[in-house]
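Since the structure comes first, as structure tokens, the remarks are kept for the end.
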Protein chains: 2
Amino acid sequence: MVGQIVSAGRGSKRKAPARSEGERQAKLQAILDAALDVFLEKGFADARLDDVASRAGVAKGTLYLYVPSKQALFEAMVRSGIGGPVGAIEQTIPDPHVSAEDQLRALFHFLRTEILGTRRRDIVRLLLMEASRFPELAEVYHREVIARGLRILRSIAERGVARGEFRSDEIVRFPQLAIAPALVALLWTSLFQRLDPIDIEAMLEAHLTLLMRALKGHPS
Amino acid sequence: MVGQIVSAGRGSKRKAPARSEGERQAKLQAILDAALDVFLEKGFADARLDDVASRAGVAKGTLYLYVPSKQALFEAMVRSGIGGPVGAIEQTIPDPHVSAEDQLRALFHFLRTEILGTRRRDIVRLLLMEASRFPELAEVYHREVIARGLRILRSIAERGVARGEFRSDEIVRFPQLAIAPALVALLWTSLFQRLDPIDIEAMLEAHLTLLMRALKGHPS
DNA sequence: GTATAATGACTGTCCAGTCAGTCATTTCAT
DNA sequence: ATGAAATGACTGACTGGACAGTCATTATAC
């Protein structure tokens, strides 16, 4: 198995560390940042650890003091990049005072500002690209991000149905349908924006318009 | 630049070829099929040409009689795999006797049977994965497949609006919204179906239900 | 007999991972 | 205080294996 992400801190408590934990964390972060740049530019297989090292301002050997292998570096980089925001939204979205529609809109606002508009977008793209080579990482991502995100979406949809705001349950059954356009936006931005730019914000707005009309309209 | 896909057929017309053109094509096809298997399994960078060769039943040197480089092999494989079906649908879909809804449903049926349910699904996935390493190929794919597909979709939507069948123009403006769930289906199948299976057909059916209700319903 | 197709051993390059050595910092003896 | 010893973070030249692409040789078709 791939094992731990970072070699465990020194075992002895007797001697003060020559480098503080803070310095150690900062250097690890610099390495992970550099790794993201290089992996994004070249993909996993073509990324060279010499490049990661020089971009992080360390020698190649130093990488191995923080991470046991190239694969572990990749995994550490992804994990450190995706963990945060899902938890935040699990806290803020399920406010019972606002309508399901507003919850959905808040979720999309969050997607736009916290993922599509940031570095995380690239991490997700990189993860999608390499996922079949890292089944274990795909599993982590599915469990920690996808499944939780879909759970939030489903609970919003269920609440919308329960309070009569939505007249049908397609989104309860397939919450993927609600975020599908965000995925298209993510991939389009990375692959085709240069060739054929689209206005992502307007597209997502149009999607919400359609979705709301479909959910609230008369089921013919 | 990357240059031609396949080493140009023999230039000389003076000598009869020792292998007929048919044999040559068949062997090329065997090589491309083998290449698809191997590239799918390993990704571009980790695919070994020895594996492609042995799977195609030839020696490695033989590959270079058909293709000038690994990259050219990848490109040839992708191009030979994606060309066909778009043209077919451009012919059959725009029948003025059927409703825009039926045209859309026919398009989705086509997507399910001709792409999602076949080897082409994997080619598309592979292409998405490697696209940033092959900008030229991404451009070809955008021009030959994406742009044409979206054009068909847009023309269906325009016709729906023109004949009063659809009451709003979001799909005219962003035809990507209509096929977004198909992309999710494609990626989900490849990455997560094993962990968390979903019924793709039912999901796409639910999408069409929602989409039709949104397009036909009262714009509140 | 000869031209072409096919072969596979070989070569040169690239790079992940290693490890003997360096050096800045801390600890300790006086 | 002060210098010597200990520590361990850091370095980068090196190694071993992998693999794309080559080409002298062999097989095959006509």
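Just so it is clear: chains get the letters A, B, ... in the order the sequence lines come, proteins before strands, and each one is counted from 1. Basis for what follows: all heavy atoms, side chains included, without hydrogens, waters or symmetry-related copies.
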Check nucleotides 20-23 of chain C against the protein and report each pair of N or O atoms closer than 3.5 Å, with its distance, or say if there are none.
none

- Item | Residues that R148(B) engages under side chain to side chain contact (heavy atoms under 4.5 Å, CB included), provided they are two or more places apart | V86(B), E90(B), E144(B), R151(B)
- Message: Does this structure show an ion pair linking E205(B) with R105(B), if we count only N-O contacts that are shorter than 4.0 Å?
- Response: yes
- Could you check if a side-chain atom of V78(B) sits within less than 4.5 angstrom of a side-chain atom of Y141(B), using non-hydrogen atoms only? no
- Message: Applying salt bridge (Lys or Arg N to Asp or Glu O under 4.0 Å) as the test, list every pair that has at least one member in residues 184-203 of chain A; sequence neighbours left out.
- Response: R112(A)-E201(A)
- Query: When you check the gap from the basic side-chain N to the acidic O, do R79(A) and E75(A) get nearer than 4.0 Å?
  - Reply: yes
- Hits for side chain to side chain contact (heavy atoms under 4.5 Å, CB included) against T92(B), two or more places apart or cross-chain, chain-then-number order -> I89(B)
List the atom pairs, with distances to 0.1 Å, where a side-chain N or O of residues 35-44 of chain B and a protein N or O form a donor-acceptor pair under 3.5 Å, not counting sequence neighbours.
residue : atom : partner : partner atom : Å
D37(B)  : OD1  : R119(B) : NH2          : 2.1
E41(B)  : OE1  : R55(B)  : NH2          : 3.4

- Is there side-chain contact between F74(B) and L126(B), with heavy atoms separated by less than 4.5 Å? yes
- Between CG on residue L187(B) and CE on residue M129(B), distance to nearest 0.5 Å: 8.5 Å
- Using the test salt bridge (charged side-chain N to carboxylate O under 4.0 Å, His left out), find all partners of R120(A) that sit at least two apart in sequence or belong to another chain. E114(A)
- Task: Could you list by number each residue of residues 29-43 of chain B showing a heavy-atom separation from DNA chain D of less than 4.0 Å, or answer none if no residue does?
- Result: none
- Applying ring pair (Phe, Tyr, Trp, His ring centres under 6.0 Å), name anything that partners F192(B), two or more places apart in sequence or on another chain. H142(A), W188(B)
- Query: Would you say a side-chain N or O of Y66(A) is under 4.0 Å from OP1 or OP2 of dC10(D)?
  - Reply: yes
Acceptor/donor pairs from residues 174-182 of chain B side chains to any protein atom, 3.5 angstrom cut, sequence neighbours excluded:
none

- Message: Without decimals, in angstroms, what is the distance between L65(A) CG and dC19(C) P?
- Response: 13 Å
- Global bending angle along the helix from dG1(C)-dC30(D) to dT30(C)-dA1(D), which compares the axes of five pairs at either end, to 10 degrees: 10°
- Query: For A59(B), what residues pass the side chain to side chain contact (heavy atoms under 4.5 Å, CB included) criterion, not counting sequence neighbours?
  - Reply: T62(B)
- Query: Base, backbone or nothing for each nucleotide of nucleotides 12-18 of chain C, written B, S, -, heavy atoms under 4.0 angstrom, 5' to 3'?
  - Reply: ---SBBB
